[in-house]
Amino acid sequence: MTRFSVTIRGEDDRKSAVSAIVNAPLNARVEISDAKRSLPQNDLMWQRLTDLSNQVDWYGNKLTPTDWKDVMTAGLRKSRVVPNMDGDGFVQLGLHTSDMTKEEMTALLDLMDAFGAQHGVKFKDQQDQDSAQSATPQAEPDTPAAEPPAPTPTVAGNPLHWSALSDDWRDAYINTMTTSTTKAMSIATRHETALQMIGGKPNELELDWMRKVARVVTKRDKGAMPPEVYQAEIERLRAALLEIPAEAAA
């Protein structure tokens with residue numbers, strides 16, 4: 001049997017998963033788990049660990065990026081410590097960022113952000129965002145800055161389906177736009193942060209979907225939308241199909 005994997009973002013994905021299970025042969029293995037960390041998250045983690053290594057002296061010690069990974073994951077997961085084999089030191093258990101879900105990795109990056117703010121660390125990704133924002137005219141407060149349209153290859157007469165974004169881009173975008181650590185940021189800055197996390201350039205359909213999310217989040221932040229209505233709108237957008245306009249499909 002060919003290996004099958006799907007990220008369930010809506011009812012169509014759920015139906016595909018059900019169909020695969022119904023048609024699977026006996027002794028096939030089915031596993032349902034949270035999506036693992038994304039490659040952009042992993043890259044951002046190591047960049048920030050390097051910034052910590054270069055800028056922070058930890059109790060008189062200069063730690064490597066790998067050392068800082070152990071410190072940060074221990075702080076996140078409250079890992080256990082046991083004596084080593086020689087009895088002259090200790091070993092921390094359970095420090096495997098490769099096993100983290102996207103939500104856990106987001107929490108780890110948030111922890112680094114908070115720790116860096118307390119210790120005066122200047123993270124390169126945040127400096128790049130500030131520089132880009134200062135060099136770009138400000139958009140309206142309730143919408144992300146407009147971007148040039150992505151390349152539109154003419155494949156099967158349906159160019160608007162083409163996408164350069166990661167498979168989990170919608171979840172990553174919503175998580176970045178709504179997490180508590182980004183509420184102090186402007187909507188435009190959150191949008192730019194989300195694009196860095198996702199990787200790639202959105203096409204027009206995807207950018208229009210992002211604007212809709214931004215409008216809902218802005219109303220939430222201003223207290224103009226009840227929590228239950230906000231949550232329903234976010235879930236509706238999370239599961240929404242990106243429809244192609246009739247004139248484009250003709």
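Keep in mind that the numbers below use all heavy atoms, side chains included, and drop hydrogens, waters and symmetry copies. What you see is a predicted model, and the numbers here were worked out from it, not measured in a lab.
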(request) Any chance you could lay out the side-chain contact (heavy atoms from CB on, under 4.5 Å) test for Thr193 and Gln126, step after step, and finish with the verdict? (result) CA-CA 9 Å; Thr193 302; Gln126 295 175 347; over 6 Å; no
(request) Could you check if a side-chain atom of Thr66 sits within less than 4.5 angstrom of a side-chain atom of Trp46, using non-hydrogen atoms only? (result) yes
(message) Are Lys219 and Val229 packed together at the side-chain level, in the sense that at least one heavy-atom pair is separated by less than 4.5 angstrom?
(response) no
(message) A side-chain contact here means heavy atoms from C-beta on lying under 4.5 Å apart; do Thr178 and Tyr230 qualify?
(response) yes
(request) Measure the spacing between CE of Met72 and CG of Leu111 and express it to the nearest 0.5 Å. (result) 5.5 Å
(message) Is the shortest side-chain heavy-atom distance between Met45 and Leu109 below 4.5 Å?
(response) yes
(request) Heavy atoms only: give me the nearest Ser53-Lys62 pair and the separation to one decimal. (result) O-CE, 3.0 Å
(request) Using the side chain to side chain contact (heavy atoms under 4.5 Å, CB included) rule, pick out the option among Asp57, Asp70, Val71, Leu49 that qualifies with Leu63. (result) Val71
(message) As an exercise, state the distance from CD of Glu192 to CD1 of Ile187, rounded to the nearest 0.5 Å.
(response) 12.5 Å
(request) Under the ring-ring contact (aromatic ring centres under 6.0 Å, His included) rule, collect the residues that match up with Phe115, sequence neighbours excluded. (result) Trp58, Trp68, His119
(message) If hydrophobic clusters are built by linking Ile, Leu, Val, Met, Phe, Trp and Tyr wherever their side-chain heavy atoms come under 4.5 Å apart, do Val18 and Leu26 end up in the same one?
(response) no
(message) Looking at Arg170 and Ala240, would you say the former's side chain and the latter's main chain have a donor-acceptor pair under 3.5 Å?
(response) yes
(message) Please give me the minimum heavy-atom distance between Val216 and Leu237, naming the atom from each residue.
(response) CG2-CD1, 4.0 Å
(request) Would you please name every residue forming a side chain to side chain donor-acceptor pair (under 3.5 Å) with Thr106, sequence neighbours left out? (result) Gln41
(message) Whether the side chain of Glu235 engages the backbone of Ala232 through a donor-acceptor N/O pair (distance < 3.5 Å, no angle test) should be reported.
(response) no
(message) Looking at every non-hydrogen atom in both residues, tell me the closest pair between Gln55 and Gly120 and how far apart they are.
(response) OE1-O, 4.1 Å
(request) Any chance you could measure Ser16, atom OG, to Glu11, atom CD, to the nearest 0.5 Å? (result) 11.0 Å
(message) Whether the side chain of Asp51 engages the backbone of Val121 through a donor-acceptor N/O pair (distance < 3.5 Å, no angle test) should be reported.
(response) no
(request) State which residues pass side chain to side chain donor-acceptor pair (under 3.5 Å) with Gln47; sequence neighbours excluded, sorted by chain then number. (result) none
(message) Restricting to non-hydrogen atoms, name the atom on Arg238 and the atom on Asn175 that form the minimum distance, rounded to 0.1 Å.
(response) NH1-OD1, 4.5 Å
(message) Just verifying a value: how many Å separate Tyr173 OH and Met210 CE, rounded to the nearest 0.5 Å?
(response) 6.0 Å
(request) Please examine the side chains of Asp208 and Lys212, heavy atoms only from C-beta on, and report whether any two atoms are closer than 4.5 Å. (result) yes
(message) Which heavy atom of Met177 sits nearest to which heavy atom of Arg190, and what is that distance?
(response) O-NH1, 3.1 Å
(message) Less than 4.5 Å apart, side chain to side chain, heavy atoms only: is that true for Leu108 and Lys69?
(response) no
(request) Using distance alone, with no hydrogens and no angle criterion, decide if Thr64 and Asp67 have a side-chain donor and acceptor under 3.5 Å apart. (result) yes
